[in-house]
Amino acid sequence: MSKIQSYFKRLKPTNTEPEPQTEEASNSILVPTIQESYQPAQPSQFQSFQSPPQACVNIENLEADPGKRPSIYSLTSNPIERENIRRAYLLKGPTQPILKPFPQTEMYGKMRRFNSKWYEEFGSWLEYSVAKDACFCLYCYLFAMEVGGSGSAQEAFVSGGFKNWQKKDRIKAHVGDHKSVHNRCYQAGQDLMKQKQHIDVALSNISEQQKIDYRIRLKTSLKCIRFLLRNGQPFRGHDESASSNQQGLFLELLKFYSEPNKEMSDVVLKNAPDNNKLTSPMIQKDLSQACADLTVKAIISDLDDDYFSLLVDEARDVAVKEQMAVVLRYVNKKGSIVERFIGIIHVSDTTAQSLKAAIDGLFSKLSLSLSKCRGQGYDGASNMRGEFKGLKSLILADNTSAFYIHCFAHQLQLALVKVAKHHKKIQEFFDMLQKMTTVVGGSCKRKEILQMNCYEQIVERIASGEIPTGKGLNQETTLKRPGDTRWGSHFGTVTSVISLFSPIISLMKVIEDDPKNDAARTDAGCILYAMEDFEFAFLLHLMKLILGISYELSQALQRKDQDLLNAIGLVKVVKSRLQEVRDNGFDKLLQETNIFANKYDIDIPNMNDDYCPKGRSRRRLESFTFFHYFKVELFNTVIDTQVQELNDRFDNVNIKLLECLSCLDPRDSFANFNNEKLIEFARFYPSEFDELADIPFLSSSLDNFIVDVRTDSDFVNLQTISDLALKMVEKRKDIVYPLVYLLIKLALILPVATASVERVFSAMTFVKNKLRNRISDDWFNSCMLTFVECDMFDTIDDEDIMKYFQGMKNRRMVL
């Protein structure tokens, strides 16, 4: 065998059965053998490719916890993919969670723990693993084998983890001098992220004009992508060939945007190099991901490692995939309550364990910790609020201070639905409204007839002077469909029926006279019979009154800056208004119904006559008048049921917690202030307020605080705890009374409603529609983040996005 053939090995056949030797087999191709696990320290060792091919690594799903990461060489044998993995980790930065407290370990008779202040001293490389309670070195993990690092001391910061907390000097020793393994790894990381220093860039001999053209081309593509992302628009077209008249929004916008500017038009599209046009789908996805990643980083920076509440819900998208949206509620540096969307995750199922695993994965990726969570807000589903296996219980097992609050807006909707389903007459009433919307929406022709009838009614009412004219008035309306899961939908249905009462009756008469559709004729006859009954008109106005009061509460609860104490106060206001209506509102309601009945020629019964249900015999029926029926059997009963439901659902909130929160109410010069109850509130959070160190100081700080704010004219007219927090930051009293301000923040971050999560799902139906139902999960998340959090996205500078984009991969050109 020749000398050169000693470095090669013949490929073995994949099948196990022996085959007869042929001329082709005896002259098989010689290939170089490469070691399966690459070891730069021993370059002379080689072996043949015997392992199965490895799948491409998903950069988005890389393990963030350093204690759980596999060796970087076990992730892939492809050096290009390995370089991309290193870039992804370096772009993300070291994993540095803040736990309160970090777990303690007994060492030589003393309890020791990791110190978060070490992040400030060794912040560029030091990582902490929650799973192993140990610290690691990011750069040594990525490059130690590359630079030939070895030894037990080096292994401790790469695979085993360093946890000898009393020996901080060993962390300093790990850094060493300029020739140490750590510093060589650190320099390798810096060189990797500086594309200008790469040998392929140096050999390519790129001119300055090419760099300028590349920057213009990249910025032009970025501007178009930012516009599409911010407005939730699709990128691609059905036909993007050069001969197509509609190449998709991205390419069409790129042409439109660059055409008036000669500097741009000379370097983009057909004037750009064929291998560097920056218009490919991969470039579009990379730029979108860069925009989304920097938007999330801006949100995490705004959070500033502070306490937050977790709002979670799941919904099914148009592709029949379960998507889980995650929103954080926190108090920002200005003292305002903020709710920010941080990601939407595809989950295989909606069990509590799957949702918890998805949340852990997202938090690990974003370097967040559930130890900072001080509240949970979900709907009433069993997988969310289950006492033993619900998501609430799984998070409480990790963090006992993450108090659960059932979404107030959801509870209010459940109370309305309960009344609609458990009161016989109200159930029949809403069933009739449901049937009405189904019949009207059954065909385009019926909708057009309803719109024409509505138009004619508006013209008549304007001509008679019944309604005024002006900008924005008398808009075209339609019949709204009620839904058990759509907040405020029942109120919208009732009001639309009242405003379209005459056009609906005209439409039902047309359908009833149409011989072509027997089923629709029957339904239209039933609806017409019900609408011409006084009882229907009475229930219509009764539900408008009750739902109108509740609708105001629903709208108030959906505000992002709503706090728990004010929400409870609004619930009390609604219950008192309902009670007032029950005591004094029947006569006024009856009068309004009579006016409505006279207007539409509905027979009004004599209230003193005996009541008898239609179609029922008077025999064996309890004798009572129409007045008694409408006032007692309908009016009083429906309102009592509504109030009882509100009492049952909203009194389940922790009473002790609410009593303590009420002491922070700034109204009437802090009339409810109570030092002892606020101390009791602080004891709900033992991690923040140590019994020996913080509680005594908090007591005296509260005494000083109340004297200060009661004598300060700036704090006189405050109405809510939110106003108090804003004013404290404005007057810098959050620095003077840090523990008091911490109490206020903990009170504010307790969730009220999951309206922000529902808004995310509304945006989901816009971003992922029937024409975009195959969008990948990662790109979908990028589009959702930039669309929902567009105000935060607007704060990201183009230069930062371009630099991040350049660092994601090794690009053909440099900035």
Side-chain angles (χ1 to χ4, degrees), residues 37 57 60-75 85-86 88-90 92-145 149-176 181-182 185-186 189 300 305 353 356-373 394-400 402 687:
S37 59
V57 179
E60 289 296 312
N61 295 330
L62 292 174
E63 178 60 56
D65 191 306
K68 296 181 180 179
R69 292 174 190 156
S71 168
I72 192 170
Y73 291 94
S74 67
L75 293 175
I85 293 172
R86 287 175 173 141
Y89 274 121
L90 291 174
K92 175 186 172 296
T95 301
Q96 298 178 341
I98 303 293
L99 306 183
K100 287 210 171 182
F102 283 92
Q104 291 184 327
T105 305
E106 185 176 356
M107 295 180 179
Y108 304 102
K110 293 185 178 181
M111 302 304 292
R112 304 283 185 177
R113 61 161 64 105
F114 178 81
N115 191 343
S116 59
K117 292 183 179 179
W118 295 344
Y119 289 148
E120 301 175 7
E121 189 172 352
F122 311 104
S124 61
W125 60 269
L126 186 65
E127 298 187 291
Y128 177 80
S129 168
V130 177
K132 286 191 174 181
D133 183 28
C135 59
F136 294 81
C137 175
L138 174 62
Y139 286 91
C140 290
Y141 164 72
L142 297 176
F143 298 100
M145 296 183 71
S150 61
S152 58
Q154 195 67 29
E155 284 293 319
F157 284 90
V158 176
S159 58
F162 176 80
K163 56 177 65 178
N164 195 352
W165 307 130
Q166 65 177 0
K167 300 289 185 181
K168 178 188 172 183
D169 54 329
R170 294 189 182 179
I171 301 179
K172 294 181 179 179
H174 170 73
V175 178
V181 174
H182 170 83
C185 292
Y186 182 81
I300 301 302
D305 200 35
Q353 291 77 10
K356 175 66 162 54
I359 292 172
D360 288 339
L362 178 64
F363 274 38
S364 179
K365 175 184 172 183
L366 301 180
S367 297
L368 294 171
S369 174
L370 278 174
S371 64
K372 287 284 189 176
C373 181
L394 295 178
I395 292 179
L396 281 172
D398 296 338
N399 181 2
T400 56
S687 299

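The structure displayed is predicted, hence computed values, not measured ones.
Shown here are the side-chain hydrogen bond (donor to acceptor under 3.5 Å, both in side chains) partners of Asp65, two or more places apart in sequence or in another chain: Ser129. The side chain to side chain contact (heavy atoms under 4.5 Å, CB included) check on Ala357 picks up nothing, with sequence neighbours excluded. The side-chain hydrogen bond (donor to acceptor under 3.5 Å, both in side chains) test applied to Ser364 returns no partner, not counting sequence neighbours. With sequence neighbours left out, the ring-ring contact (aromatic ring centres under 6.0 Å, His included) criterion links Trp125 to Phe122, His174, His182. Residues that satisfy the side chain to side chain contact (heavy atoms under 4.5 Å, CB included) test with Thr400, not counting sequence neighbours, are absent from this structure. In this view, Tyr89 satisfies the side-chain hydrogen bond (donor to acceptor under 3.5 Å, both in side chains) rule with no residue, not counting sequence neighbours. Partners of Lys168 under the salt bridge (Lys or Arg N to Asp or Glu O under 4.0 Å) rule, at least two apart in sequence or in another chain, are Glu121. Under the side chain to side chain contact (heavy atoms under 4.5 Å, CB included) criterion, Ala173 pairs with no residue, sequence neighbours left out.
Between Ile72 and Arg86, the closest heavy-atom pair is CD1-CG, 3.5 Å. Smallest separation of non-hydrogen atoms from Cys185 and Cys140: SG-CA, 4.0 Å.
Between Ile359 atom CD1 and Leu370 atom CG the span is 7.0 Å, to the nearest 0.5 Å. In this structure, Lys172 NZ and Lys167 NZ are separated by 13.5 Å, a value rounded to the nearest 0.5 Å. Leu126 contributes atom CG, which lies 6.0 Å from atom CD1 of Ile171 (distance to the nearest 0.5 angstrom). Remark: Leu90 CG to Leu138 CG distance equals 6.0 Å, nearest 0.5 Å.
Contact annotation: the side chain of Val158 never approaches that of Phe136 to less than 4.5 Å [non-hydrogen atoms, C-beta and beyond]. Side-chain atoms of Cys135 and Phe157, non-hydrogen and from C-beta on, do get closer than 4.5 Å to each other. Within the 4.5 Å cutoff, no side-chain heavy atoms of Pro66 are placed close to those of Tyr128. Looking at Lys163 and Thr105, their side chains never come closer than 4.5 Å, going by heavy atoms from C-beta outward. Side-chain contact between Pro70 and Leu75 is present, with heavy atoms from C-beta onward closer than 4.5 Å.
Ring geometry for Phe143 versus Tyr139: interplanar angle under 30°, hence parallel rather than tilted (30 to 60°).
Residue pairs that meet the salt bridge (charged side-chain N to carboxylate O under 4.0 Å, His left out) test with at least one member in residues 122-133, sequence neighbours left out, are Arg69-Glu127. Applying the salt bridge (charged side-chain N to carboxylate O under 4.0 Å, His left out) test to pairs two or more places apart or on separate chains, those with a residue in residues 360-372 are Glu60-Lys365, Lys356-Asp360.
When atom types are taken as modelled, the side chain of Gln96 and the backbone of Ser367 share no donor-acceptor pair closer than 3.5 angstrom. A donor-acceptor pair is defined here as one N or O able to donate and one able to accept, closer than 3.5 Å; such a pair exists between the side chain of Asn399 and the backbone of Cys373.
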Donor-acceptor pairs are to be reported for all side-chain atoms of residues 111-120 against protein atoms at under 3.5 Å, with residues two or more places apart or in another chain.
residue: Arg113; atom: NE; partner: Phe102; partner atom: O; Å: 2.9
residue: Asn115; atom: OD1; partner: Lys117; partner atom: N; Å: 3.1
residue: Tyr119; atom: OH; partner: Pro97; partner atom: O; Å: 2.9

